[in-house]
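Keep in mind that the numbers below use all heavy atoms, side chains included, and drop hydrogens, waters and symmetry copies.
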Amino acid sequence: MGYNHQQPQPGQPVMYQPVPMPEYGVPQMGPSPGYGGPMPGPEYGAPQMGPSPGYGGPMPGPRYGAPQMGPSPGYGGPMPGPEYGAPNSGPPAAISPAPAAVVPVGVPPGLEYLTQIDQILIHQKVELLEAFIGFETNNQYEIKNSLGQKIYKAKEKNDCCTRNCCGALRSFDMKIKDNTDREVIRFIRPYRCASCWFPCCLQELEVQAPPGTTIGYVSQDWHPCVPKFSIKGANKETVMKLEGPCFACNCCGDVNFKLTGKDGGKSIGRISKQWSGLIKEVFTDTDNFGIQFPMDLDVKMKAVLMGTCFLIDFMFFEKVGNTKQRNTVFS
């Protein structure tokens, strides 16, 4: 019990003297000679030589940074993870990053938004110089969604002589740019005759997206009374047909061009020349168009339909000088 084993003398009181504890820092060589209480742990930093000699409670873990040699020698709880910065040999425990945005396959750059819509509005800008003195300038347009939000802008690229001498039959390059001013589509129209008496030289427009890569064509089909067009792919294979009224002029109403499959039949969309009001129709060169097509239509064909709309504008609704040109197929 930790008392002195010397036998007391008769009549002398028994004195219990505690045995002094070892000096702090001196290693324990055996069981505590004291009163049997819990023994203090080893010196901080000393290696663990075996199970705790104390009262059997949980044993402290290994020194910070020491390698894990096996299961925890304590009470059997979960083992601490590896040192911070050490390579992870198992499956990652962190949250995986968000997946990258999926870009539709085969969509030309800049046309991704067209995959989400089934309607386009095209508004021609008012040219004051052209309205007052009749001097033909390069046409400019804004292309919007059904909510009126601008998604593209278009501008004709042409010289002064061609614009004022050739009128609505003029050739042109039309550049389509997105809101970051990046050119995403280009329409190329060569100079062609507009008379039905020359079926070998009918109107045509090439569509490139991106510029330099042809994705389709718009070709006028010969007919003595009705304006007809073929919407074609990159190899000039017919994909859809477009047919308008006999007299393509809007007297206080819209003019609709019906879009069908390549074999005709049921309508799948349309291009509409919208009535802008008497003042604008008579005194300005501004035209408003609406294009409707199936949502799942190939995005390249949606771009070709945009080009078809510009070709129709020049053929039937372009103002020459101070007179609005009202072409029919008999012009």
*Taking all atoms of both residues into account, what is the closest heavy-atom pair of Lys232 and Ser219, and its distance?*
NZ-OG, 3.6 Å
*Quick one: closest heavy-atom pair of Ile176 and Ala154, and the distance?*
CD1-CB, 3.2 Å
_Is it true that Asp254 and Ser272 share a donor-acceptor pair across their side chains at a distance under 3.5 Å?_
no
_Same cluster (ILVMFWY, side-chain, under 4.5 Å), Leu205 and Ile188_ = no
*For Tyr191, check side chain to side chain donor-acceptor pair (under 3.5 Å) against everything at least two apart and list the hits.*
none
*To the nearest 0.5 angstrom, please state how far the CG atom of Asn145 sits from the CD1 atom of Ile120.*
9.5 Å
*Does any N or O in the side chain of Lys302 come within less than 3.5 Å of the main-chain N or O of Leu111, such that one atom is a donor and the other an acceptor?*
no
*Hey, does Arg189 have a side-chain heavy atom less than 4.5 Å from the side chain of Leu311?*
yes
*Would you call Leu242 and Ile312 a side-chain contact if the rule is heavy atoms closer than 4.5 Å?*
yes
_Which atom of Val226 lies closest to which atom of Gly244, heavy atoms considered_ = CG1-O, 3.0 Å
_Approximate separation, where rounding is to 0.5 Å, of Asn139 CG and Lys125 NZ_ = 12.0 Å
*Plane angle bin for Phe257 and Phe316 - parallel if under 30°, tilted between 30 and 60°, otherwise perpendicular*: tilted
*asked:* Do Lys236 and Tyr217 form a cation-pi contact, if we require the NZ or CZ to be under 6.0 Å from the six-membered ring centre and within 45 degrees of the ring's axis?
replied: yes
_Let me confirm one number: the CZ-CZ distance from Phe293 to Arg270, rounded to the nearest 0.5 Å._
13.0 Å
*Mind checking whether Lys228 and Lys241 have side chains closer than 4.5 Å, heavy atoms only?*
no
*Ile122 versus Cys309, closest heavy-atom pair with distance*: CD1-SG, 3.8 Å
*Check whether any side-chain N or O of Asn158 sits under 3.5 Å from a backbone N or O of Ser171 as a donor-acceptor pair, and report yes or no.*
yes
*Apply side-chain hydrogen bond (donor to acceptor under 3.5 Å, both in side chains) to the pair Tyr113 and Asp178, showing each step before the final yes or no.*
CA-CA 10 Å; Tyr113 183 74; Asp178 59 13; over 6 Å; no
*Does the Gln203 side chain pair with the main chain of Arg192, one donor and one acceptor, at a distance under 3.5 Å?*
yes
_N/O donor-acceptor pair under 3.5 Å between Glu112 side chain and Gly110 backbone_ = yes
_Checking the side chain of Gln149 only, and the main-chain atoms of Leu147 only, is there a donor and an acceptor separated by less than 3.5 Å?_
no
*Which heavy atom of Glu183 sits nearest a heavy atom of Lys177, and at what distance?*
CA-CG, 3.8 Å
*asked:* Test side-chain contact (heavy atoms from CB on, under 4.5 Å) on Met306 and Phe187; report intermediate values, then the result.
replied: CA-CA 9 Å; Met306 290 173 54; Phe187 301 132; 4.0 Å; yes
*Do Thr214 and Gln208 touch side chain to side chain, with heavy atoms closer than 4.5 Å?*
yes
_Among Val207, Val239, Thr308, Ile215, exactly one meets side chain to side chain contact (heavy atoms under 4.5 Å, CB included) together with Met301. Which residue is that?_
Val239
*Indicate, with yes or no, if the rings of Phe310 and Phe172 have centres closer together than 6.0 Å.*
no
_Minimum side-chain heavy-atom gap Gln124-Phe289 below 4.5 Å_ = no
*Checking side chain to side chain contact (heavy atoms under 4.5 Å, CB included) against Glu156, which of Gln140, Met174, Lys175 comes through?*
Met174
*Side chain to side chain, Ser146 and Ile117, heavy atoms closer than 4.5 Å*: no
*Nearest 0.5 Å please: distance from the OH atom of Tyr152 over to the CG atom of Leu114.*
4.0 Å
*Once you round to the nearest 0.5 Å, how far does CD1 of Ile291 lie from CG of Asp118?*
12.0 Å
*asked:* The test is side-chain hydrogen bond (donor to acceptor under 3.5 Å, both in side chains); show your working for Thr260 and Glu243 and say whether it passes.
replied: CA-CA 8 Å; Thr260 63; Glu243 181 177 327; over 6 Å; no
*Are any of the side-chain heavy atoms of Met240 and Val304 separated by less than 4.5 Å?*
no
*Kindly give the heavy-atom pair with the smallest separation between Pro245 and Pro227, and that separation in Å.*
O-CD, 2.8 Å
*asked:* Check whether Phe317 forms a cation-pi arrangement with Lys273 (NZ or CZ under 6.0 Å from the six-membered ring centre, at most 45° off the ring normal).
replied: yes
*For the hydrophobic clusters of this structure (ILVMFWY residues joined by side-chain heavy atoms under 4.5 Å, transitively), does one cluster hold both Ile151 and Val184?*
yes
_CD1-CG distance between Ile271 and Leu259, expressed to the nearest 0.5 angstrom_ = 7.0 Å
